[in-house]
Amino acid sequence: MAKKEFPKKPDFRELEKKWQKYWSDKKIYKFNSKSKKEIYSIDTPPVYASAAHLHVGHALHYTQFEFMARFWRMNGKEVYFPPCFDNNGLPTEKYVEEKYGISKGDMPRNKFRKLCREEAAKVEKDYANRAFKGLGHSHDWNLLYTTIEPNAQKISQLAFLKLVKQKDAYRAKEPVLWCPHHQTALAQAEVESKARNTTLNYLYFDLKGGGKIEIATTRPELLPACVGVFVHPKDKRYKKLVGKTAIVPLFNYEVPIMTDEKVDREFGSGIVMICTFGDTTDIEWWKKHKLPLKICITEDGKLNELAGKFKGLDFRTAKEAIKDELDGKGYLIRSEPLQQEVGMCWRCKTAVEYLVTDQWFIKTLKYKKQIISQSKKIKWNPYFYRKRLEDWTNNLGWDWCISRQRYFGVPIPVWYCKKCGKILLADEKDLPLDPLYKKPKKKCICGSTQFIPDEDVFDTWMTSSMTPQIASQQLKNPKLYKRIFPMSLRPQSHDIIRTWAFYTTLKSYLLYKSIPWKDVMIGTYVLDPKGKGMHKSAGNVIWLPDLLAKYPVDAVRYWAASAGVGEDLPFKEKELVRGVKLLTKLWNVCRFFDPYKKDIPGYKGGKIKLKIEDKWILSRLQQTKNTYKKYFESYKISRARKELEMFFLHELCDFYLEMIKYRIYGKDSADADSAIWTLYKCVFDSLVLWSPFIPHITEELYHLLFKEYHGKESIHLLNFDYYRYSIDKKSLELGKKACNIIAEIRKYKQDKNMSLGAELETYTLKKSKHDPKLDNLIKGAMRIKNLKIKN
RNA sequence: GGGCCUAUAGUCUAGUGGUUAUGACGUUUGCUUCACAGGCAAAAGGUCGCCGGUUCAAAUCCGGCUGGGCCCACCA
C-alpha cells in the first residue's frame, strides 16, 4: 500500500460526502438494543415536512441537541436518537391547498389525504438529505417515524379512547374558539393575541317606554346577536336603568338591562352590550346570567340570516355597512380609534370568533395542580422556562378542544347513533381506523345499526403529545419502550412550551401518571445580525442551503455550538469564518504531527520521561476534559466548546507546540520521544473532544493519523475516557509561569524588531519571575544562549 | 396589566463574593518563523446600566429605578 501523503489543505466538500456515506453504509450510529449500557433517549422534535425551505434557525436548533447525542454516545451510553417528521395537520393541508389551488372540500377526504401524504413525503426526502444527513446528524435511520403513519395514528387513537373511558375526554356543545379562515375549532394554545387598531363606536339604544342610553362597542356587526345590556351594580348614573328593557337599534328587538361586577365603569359609557359571542366575557356572562343564544355569524366568517339585509356580508364589510346605517338613522354618536388585543389564529392571523358547536375536549382545568407538580419533577434547561409552563397552566381558561374540522389528520374513531345520538367508540383492536370508511361492528344500545361517523380529525398536538410513545415504540416493541420511557431528553424551542411540552406532560400524566422525560432542553432562537427575529415577510431570513454553499458543514456546526441553550443568538457570519479558521488550525496541527506518528514511543514500545511542559499540558488536557464533560452534562454546550477551544488554541497551539519544537528538531532522542508522545496524546484527545462538534474533519483526521493504531472504524465510536492523565499541580504552576516568561521574551524580541525565531545572545530575567527548573525550556524554546537573572 | 429573562471595552461575549475582569471580531504595531498568510506575536481599549443596601470585601447577593427582549392577558 502506497504511503498516503498528508494533504496540505482539506477538501471539505469531498470529505463531507465521503464520511456521510461511510457513516450511513457502516451504520455507525445504529442503536443497539442488546447493549447493556444505559440508554440515553431523545424525543426529537418532528420537523414540519411542509416547509419548503430550511433556515439557519432550524439547522442550529437540530444540531444543538445532536451534540448531546454525540456526547453521550462517546460517554458510555447507548444513544436512542430517532429522526422524525410531522406531516400531520394543518401546515401540510394548507401547503397542498395552496400548491394545487384547491380547497379541502373539493375532493373526497381519502383522496385529499393521499395528496397530502405524497407531498409530505417529497419534502421529507429533501429534508432528510439536506438537513439531517447533510448536517452530519447522527440519527439511526432505522428508527424513523412520522406522525401520520398508521402506528402513530393508532397510538393517538388509543390514547383518546383510554381518556374517554376514564372520563378525561368528553364531547360537548360549547362555545369554542373558531378560525373563520381554516373553518375549524381551535385550542387556546393555537390562538395568539395581537394588538390591532379598531374603532370604538358610541351608539344609542332606545329604552322601552322612552329615553335612550349610550353604549360603546367595537363590534357593531354583532348587534343582531345582542342578548343583554350590563351596567355596574354600584354605578349611580345607571341605577334606575336596571330591570328596564333596551331596544337594539336597526334590528328592533328587546334586551334586558342587568348588572355585573365585572363591568368597567370607566370604559366607554360604562354600559356594555353582550353578544353571543364577541369575546370570552360574553361567554362568561352568557353562562352566568343564563342568557339566550343568538348566533349571527357563519363558520366562514359572514353574517347569517339573523342580520337581515346584511346577511352574507363578511365582518369587515358588515361593520361598515351597519355603521353607515346607524349613522344615517342617528344612532351613531361618535367613533374613536382604539387599540385592542385580539386573539388570532396563530397560523393565518385571522381574528378568531366564538361559535357554539359540538366538539371533543380533554379535561385540563381539573388537572392544573398536577401538571405543575409534574413539571417540577423534570429538569428544565435553562431552569426558568419551567415557569412559563406553570404560568400558562395557571392562566388556562378552557379545557383542551381536540377536534378539528379539517381533513388531513388523525380521524376521531367514533360514530354517533342516527336514532338516539349515542356515542359509539371504535374497538381498540380495529385501530387505526377512519370512521368515514369503516362501519361499526356492533349495534347501538337502542338497537339501531345506522350510524353517523365523526368527520373531524384530532388537533395535531393530540398526536404530537404522544411522541415519547411513538418514538420509543410503545406498540411495536413494548419491551424496549419499557426500558426507554420516560425518555432522557426532550429538546424543543420555547415558543411551543404551551403546546408541545404542556400537552405531552398532560397526556403522560393522565395516561401513565408519569413524567414524559427527565430533562428538557430549550433550543436557541436565531435572530438576524441586527438582533431581530427572522421572518420571510421581513426579508431577513438566512437560508441554510445558501450558507452551506459558502461554508463547510463543520463550520456551520461550529457556529451552532456557540449558542447558549435557551438563549437568543444573532446570526453573525464572522462566527463561520472563525469556524473555518479553527478547522484549518486543527488540520495543520495534525499535519505537523503526521511525520512523527510512526515514532510514537507508546507504539514502538519505548520508554518516555515527561518534562515539566509535558506534565503541564497533559494536566491541562485532563482539566479541560473534566470541565468539558461537566458542562455537557448540564447542557452548557457552548461553554464546553469554549473550554476546549481555549485549551486547544491558546495553550496547545500557541505555547506547547512552540515549547517542544526545539526538542523534536533536536538531537536528544529521549527528549524528542517524550515530546512526541505527549503531543500524540494531546492531538488525539483534541480530535476526540472536537468530534461531536465537527464530525467530518475529525473523522478524516482520525483515519489519516490514528485508525491503524486504534482500530475502531469511526472516531465517533470512541470513548472520551480512552486516556486519562494525572493532574500535577506543581507542573500547572510552572507551565503557567513558563507561558508568562515566553510572552515577555516574545515582546522583547518584537520591540527590537527581531523575528521570534531569531537567536538571542543574552536575555535578562527578573529574579521574581525566574525558576531554575524552567531554564532549559526557556532557552530552548526561545533560542537564548545565555539567560541572566537579576533582582 | 401580570410573569420571565437581560444590561460587562467600538461590537459580541466569559465570569454566581476575594490579588492586574475572559475570549473573539475590529483597531494599531512587529515578524517573508522550517504546522498554519483564511498565519504568528504583541499593544491599546472597560466608571462591569443608574441609585441604595448586605459584607472586612460586590461585575457577582438583596431592593429600587431605567433601557432592551420574550411569554401571557376578556376591558366591551
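We name chains A, B, ... by the order of the sequence lines, and we start the count at 1 in each one. Computed from a predicted structure; not experimentally measured.
For the P atom pair drawn from B/U28 and B/G45, the interatomic distance equals 16 Å after rounding to whole Å. Only the P atoms considered, B/U55 is 16 Å distant from B/U60, to the nearest whole Å. B/C50 and B/A59: their C1' atoms are spaced 14 Å apart (whole Å). Separating the C1' atom of B/U47 from that of B/A7 is a span of 15 Å, rounded to the nearest Å. With both ends at atom C1', the span from B/U22 to B/G46 equals 13 Å, rounded to whole Å. Atom C1' of B/C34 sits at a distance of 40 Å from the matching atom of B/G15, rounded to the whole Å. Spacing of C1' atoms, B/C51 relative to B/A42, comes out at 40 Å, to the nearest Å. If you take atom P in B/A14 and the same atom in B/G49, they sit 14 Å apart, rounded to whole Å.
Across all strands, A/Ser193 comes closer than 4.0 Å to base atoms (heavy-atom distances). Nucleic acid contact for A/Glu759: none, since no nucleic acid atom lies under 4.0 Å from a heavy atom of the residue. At the heavy-atom level, A/Cys653 lies under 4.0 Å from base atoms of the strands shown. Heavy atoms of A/Lys752 sit nowhere under 4.0 angstrom from any nucleic acid atom. A/Lys642 comes within 4.0 angstrom of a base, heavy atoms only. A/Gly270 comes within 4.0 angstrom of a nucleotide base, judged by non-hydrogen atoms across all strands. Contacts of A/Asp264 with the nucleic acid, taken as non-hydrogen atoms under 4.0 Å apart, include base atoms. At a threshold of 4.0 angstrom between heavy atoms, the contacts of A/Ala758 with the nucleic acid are absent.
Candidate nucleotides B/G3, B/G39, B/C72 were compared by shortest atom distance to the side chain of A/Lys387, and B/G3 ranks first. Comparing B/U13, B/G3, B/C70 against the side chain of A/Arg388 picks out B/C70 as the nearest. Of the candidates B/G3, B/A76, B/A24, B/A76 carries the atom nearest the A/Thr217 side chain, counting heavy atoms from C-beta on. The side chain of A/His650 lies closest to B/A24, out of B/G30, B/A42, B/A24. Listed candidates were B/C40, B/C25, B/A76. Nearest to the side chain of A/Lys581 is B/C25. In the set B/A43, B/A35, B/G23, B/G23 carries the atom at the smallest distance from any side-chain atom of A/Met646. For A/Gln750, counting side-chain heavy atoms from C-beta on, the closest listed nucleotide (B/A76, B/G23, B/A42) is B/A42. Looking at the side chain of A/Arg746, the nearest of the listed nucleotides B/A35, B/A76, B/A41 is B/A41. Listed nucleotides: B/C72, B/A35, B/A42. Nearest to the side chain of A/Asn395: B/C72.
For A/Trp286 and A/Phe277, the ring centers sit closer than 6.0 Å to each other. Taking the six-membered ring for Trp and the full ring otherwise, the centers of A/Tyr525 and A/His494 sit less than 6.0 Å from each other. Separation of the A/Tyr551 and A/Trp559 ring centroids does not fall under the 6.0 Å cut-off. Checked against a 6.0 Å centroid threshold, the rings of A/Phe6 and A/Trp587 count as neighbours.
When Watson-Crick and G-U wobble pairs are counted only if both distances are under 3.5 Å, B/C25 pairs with B/G10. Pair assignment for B/U55 gives none, since no Watson-Crick or G-U wobble pairing has each distance under 3.5 Å. Summarising the base pairing, B/A44 is matched to no nucleotide, lacking a Watson-Crick or G-U wobble pair whose two defining distances lie under 3.5 Å. In this structure, B/U60 forms no base pair with any nucleotide, since neither Watson-Crick nor G-U wobble geometry is met with both distances under 3.5 Å. In this structure, B/U16 forms no base pair with any nucleotide, since neither Watson-Crick nor G-U wobble geometry is met with both distances under 3.5 Å. In this structure B/C70 sits in a base pair with B/G3, meeting the Watson-Crick or G-U test at under 3.5 Å. Summarising the base pairing, B/G39 is matched to B/C31 through a Watson-Crick or G-U wobble pair whose two defining distances lie under 3.5 Å.
Rounded to a whole Å, the NZ atom of A/Lys574 is 7 Å from the C1' atom of B/G26. Spacing between atom CG of A/Asp751 and atom P of B/C31 amounts to 11 Å, rounded to whole angstrom units. Rounded to an integer number of Å, the gap from A/Leu756 CG to B/G30 C1' is 8 Å. In this structure, OH of A/Tyr748 is placed 21 Å from P of B/A41, rounded to the nearest angstrom. Rounded to whole Å, atom P of B/C5 lies 19 Å from atom CG of A/Leu527. Regarding A/Ile497, its CD1 atom lies at a distance of 14 Å from the P atom of B/C4, rounded to whole Å. In this entry the distance linking OH of A/Tyr383 with C1' of B/C5 reads 9 Å, nearest Å. What separates CH2 of A/Trp392 from C1' of B/C4 is a distance of 16 Å, to the nearest Å.
Between A/Glu575 and A/Arg578, at least one side-chain nitrogen of the basic residue sits less than 4.0 Å from a carboxylate oxygen of the acidic one, meeting the salt-bridge criterion. Salt bridge annotation for A/Lys262-A/Asp260: absent, with no cationic side-chain nitrogen under 4.0 angstrom from a carboxylate oxygen. Between A/Glu658 and A/Lys661, at least one side-chain N (NZ, or NE/NH1/NH2) sits under 4.0 Å from a carboxylate O, which counts as a salt bridge.
Both A/Tyr665 and A/Asp279 lie near RNA chain B, and the one whose nearest nucleotide falls closer to the 5' end is A/Tyr665. Place A/Leu657 and A/Gln340 on RNA chain B by their nearest nucleotides, and A/Leu657 ends up nearer the 5' end.
Side-chain atoms of A/Thr281 and base atoms of B/C74 include a donor and an acceptor less than 3.5 Å apart. Scanning atom types as modelled, no donor and acceptor separated by under 3.5 angstrom connect the side chain of A/Lys572 and the base of B/C12.
Not one side-chain nitrogen or oxygen of A/Arg219 sits closer than 4.0 Å to the OP1 or OP2 atom of B/A76. Within the structure, every side-chain polar atom (N or O) of A/Arg498 is placed at least 4.0 Å from both OP1 and OP2 of B/C71.
No more than 12 heavy atoms of other residues, nucleotides or ligands shown are found within 6.0 angstrom of NZ on A/Lys729.
The CG atom of A/Leu186 sits 8.0 Å away from atom SG of A/Cys401, with the distance rounded to the nearest 0.5 Å.
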